[in-house]
Each structure stands twice: as C-alpha cells, then as structure tokens.
Amino acid sequence: MVLVLQLYFLTNGEHFAIKEGARMKTTIALLSLGLVSTAFCLDEYMPMVKGKTEVDVGALYVTPEVGDAATSVPLQVKYGLMAGLDLELGTTYATASGASGLSQPQVAAKYEIGDNGIAVFVNVALPFATGDLSNGYKGLGIAPGLVYGKNYGKIQAVGLASYQLNMKDADDLESDNALTVYLKPGYMVSDKLAVYAGVVYWSAGSANSTTVQPGITYTISDMVALEANVPYVVSTTGAKSWGILASLYFTL
C-alpha cells in the first residue's frame with residue numbers, strides 16, 4: 001500500500017517539483033495514474049510461512065477522466081524468514097504516452113503478533129527510480145504500520161493502516177508525510193473463491209483521495225492464486241480515474 005502513497009505524490013502536482021517543465025510534469029502524472037492501487041509492497045496480507053517464497057505479478061490498465069490511459073506491471077517477492085516474520089521486496093513498471101519507468105523500490109519487514117490476526121511492519125521506499133519516473137520526487141520514505149486479517153466464519157476482516165515519513169531527496173525536494181487506511185471486508189463464497197469490497201483513504205498535506213475497489217480472490221491450487229479488482233477514485237483533490245487490475249500469486 002505504501003507504494004500508492006508515493007505515486008499519489010506524483011499525481012497531485014502540489015506535492016512534487018521537476019526541472020523539465022509542464023510536459024514532463026504531465027508525463028509523470030500519467031505514469032502515476034497507471035500505478036495507483038497496484039502496490040504489492042507493502043500488501044495487506046499476513047507474513048509468509050517460514051521458508052516459503054511468494055512471487056507476485058500483476059497488470060493494471062487505468063484510464064483518467066482527462067488524458068491518455070496508462071498501464072503498469074507491479075512485481076513483488078516475499079520470503080518467510082522465521083515463524084511470523086517475512087521480508088518483502090517490490091517495485092512497479094509503468095508506461096503512458098510513450099513514457100515509462102520503474103517506481104521507487106520498496107523493502108518491508110512484517111511481523112505477526114501472536115495468533116490474533118494482527119501484524120506490524122516497517123516499509124522503506126528507496127530514494128531512486130528509473131526512466132521518466134526518475135524526474136519526480138524520489139526521496140527516502142519510511143512507513144510504520146499494521147495489518148489485520150482474520151476470518152469470522154465466511155466473513156473476512158482485512159485492513160491496513162500506515163503513516164509514511166518522507167525525507168528530502170537528492171535534489172532537495174520534499175513531500176508531505178502521508179496517511180493510508182485500507183479496509184477490505186470480504187465474503188467466502190467457497191473454500192477457493194472470495195469476494196471483497198475494498199476502500200482506500202489517503203491523505204497528505206492538503207491532498208486526499210478515496211478509492212473503492214471491489215474484487216475477487218480465487219485459489220487455483222496450493223501454488224497459484226488469482227486476485228482481480230476494479231479500482232475507482234471516487235473522491236480526490238487530483239484527477240479521478242478507474243482501472244482494471246489482475247494479479248497472480250505463486251508460492252514456492
């Protein structure tokens with residue numbers, strides 16, 4: 001989820017500055033639209049089992065109210081270091097209007113506390129990006145937070161909250177600290193299929209947004225799972241958008 005915070009900084013012009021003028025500013029905004037709601041790192045799921053590796057890959061198509069559509073491919077690798085603790089690495093490749101780039105890499109450690117469905121984490125956004133995304137704000141970001149995930153019969157209660165502290169980058173640019181709250185209640189239709197209604201609230205300085213993303217999860221096998229949702233920005237101080245996201249999770 002923390003990746004979404006970084007990308008909204010790019011979407012809302014008041015939170016970043018770039019040297020190449022209005023054309024590049026527009027390019028970065030389009031790229032960031034293709035990255036909204038694609039964050040794997042840090043995600044809202046409990047830590048991996050010790051010794052297990054998960055590789056996640058997704059594809060998102062986003063169309064804004066104004067301007068060209070954007071596409072992105074989020075990538076993540078998770079590894080269970082010990083009982084209740086895992087390490088998560090992620091980034092996203094985005095393209096729009098002929099521009100492209102990799103977002104700031106994310107590194108997170110997540111630890112489950114007991115068996116009550118609560119885990120705490122620290123996520124770090126590394127201070128660099130590639131391609132056209134390297135022209136915007138790219139300072140170090142540190143986000144502590146917690147996730148909750150527990151089933152009550154067929155009802156799934158899932159949520160995430162984090163607060164990201166952003167440092168000045170190499171060009172002495174700075175961005176507001178950001179709060180994200182993600183609620184994801186779901187219902188298990190069967191032991192393999194679940195539906196959910198996600199709501200994401202994000203706020204940084206004078207900017208904020210609310211995104212709804214109804215979706216499904218489907219367990220194909222012990223090694224492969226599928227998730228798909230339709231993120232729609234219903235309220236924002238920036239540009240509204242909607243998209244379609246599909247992700248595959250491979251457990252090794």
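We use all heavy atoms of the structure for the numbers below, so side chains are in, but hydrogens, waters and symmetry mates are not. Sequence positions, counted from 1, serve as the residue numbers for this chain.
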Atom pair CG (Leu133) and CG (Leu102), whose distance is rounded to the nearest 0.5 Å: 8.0 Å
Within-4.5 Å side-chain heavy-atom neighbours: Val120 and Ile113: yes
With Glu227 via side chain to side chain donor-acceptor pair (under 3.5 Å) - residues at least two apart: Tyr45, Lys184, Tyr196, Tyr249
Closest heavy-atom pair and its distance - Leu183, Pro185: C-CD, 3.5 Å
Hydrophobic cluster membership, Val200 vs Tyr232, 4.5 Å side-chain cutoff: no
Kindly list each side-chain donor-acceptor pair under 3.5 angstrom involving residues 141-155, sequence neighbours excluded, with atom names and distances?
residue, atom, partner, partner atom, Å
Tyr148, OH, Tyr152, OH, 2.4

Nearest atoms (heavy-atom pairs only) where Gly139 meets Gln104: O-NE2, 3.0 Å
Trace of the side-chain contact (heavy atoms from CB on, under 4.5 Å) decision for Gln76 with Glu88: CA-CA 7 Å; Gln76 183 192 41; Glu88 309 183 6; 3.2 Å; yes
Considering all heavy atoms, the nearest Met46-Lys78 contact: O-NZ, 4.2 Å
Hphob cluster co-occupancy, Met223 + Leu75, side-chain heavy atoms under 4.5 angstrom: yes
Evaluation steps, side-chain contact (heavy atoms from CB on, under 4.5 Å), between Asp56 and Leu248: CA-CA 6 Å; Asp56 307 331; Leu248 284 173; over 6 Å; no
Check: Asp169 and Pro127 side chains under 4.5 Å, non-hydrogen atoms: no
Shared hydrophobic cluster, Tyr187 / Ile216 (ILVMFWY, side-chain heavy atoms < 4.5 Å): yes
Nearest-0.5 Å distance, NZ of residue Lys168 to CG of residue Asn166: 13.0 Å
Pair listing, salt bridge (Lys or Arg N to Asp or Glu O under 4.0 Å) test, anchored in residues 190-209, at least two apart: none
Side chain to side chain donor-acceptor pair (under 3.5 Å) assessment of Ser97 paired with Asp68: CA-CA 7 Å; Ser97 300; Asp68 298 331; 2.8 Å; yes
Greater than 12 external heavy atoms within 6.0 Å of Asn116's CG: yes
Contact summary for Tyr111 and Ala83, nearest pair of heavy atoms: CE1-O, 4.2 Å
Least distance between heavy atoms, Lys110 atom then Phe121 atom: CA-CB, 4.0 Å
Heavy-atom side-chain proximity of Asn208 to Thr210 below 4.5 angstrom: no
Derivation and outcome, salt bridge (Lys or Arg N to Asp or Glu O under 4.0 Å), residues Lys52 and Asp86: CA-CA 9 Å; Lys52 289 289 187 178; Asp86 73 6; over 6 Å; no
From CG (Leu173) to CE (Met167), nearest 0.5 Å: 15.5 Å
Pairwise distance OG1(Thr219) to CG(Leu226) - rounded to 0.5 angstrom: 9.5 Å
Worked check of side-chain contact (heavy atoms from CB on, under 4.5 Å) between Leu87 and Val107: CA-CA 7 Å; Leu87 179 66; Val107 181; 4.0 Å; yes
Atom pair CD/CG of Glu54 and Leu252 - distance to nearest 0.5 Å: 9.0 Å
Single-linkage hydrophobic cluster, 4.5 Å side-chain cutoff, Val234 and Val181 together: no
Nearest non-hydrogen partners of Pro231 and Leu245, listed with the distance: CD-N, 4.4 Å
Atom pair CD1/CG of Ile244 and Leu60 - distance to nearest 0.5 Å: 9.0 Å
Single-linkage hydrophobic cluster Val199~Trp202, side-chain heavy atoms < 4.5 angstrom: no
Steps toward side-chain contact (heavy atoms from CB on, under 4.5 Å) verdict (Tyr93, Thr91): CA-CA 7 Å; Tyr93 175 80; Thr91 188; over 6 Å; no
Side-chain touch Val73/Thr92, heavy atoms, less than 4.5 angstrom: no
Side-chain (Thr95) to main-chain (Ala99) donor-acceptor, under 3.5 angstrom: yes
Distance-only polar pair, side chains of Gln106 and Asn123, donor-acceptor under 3.5 Å: yes
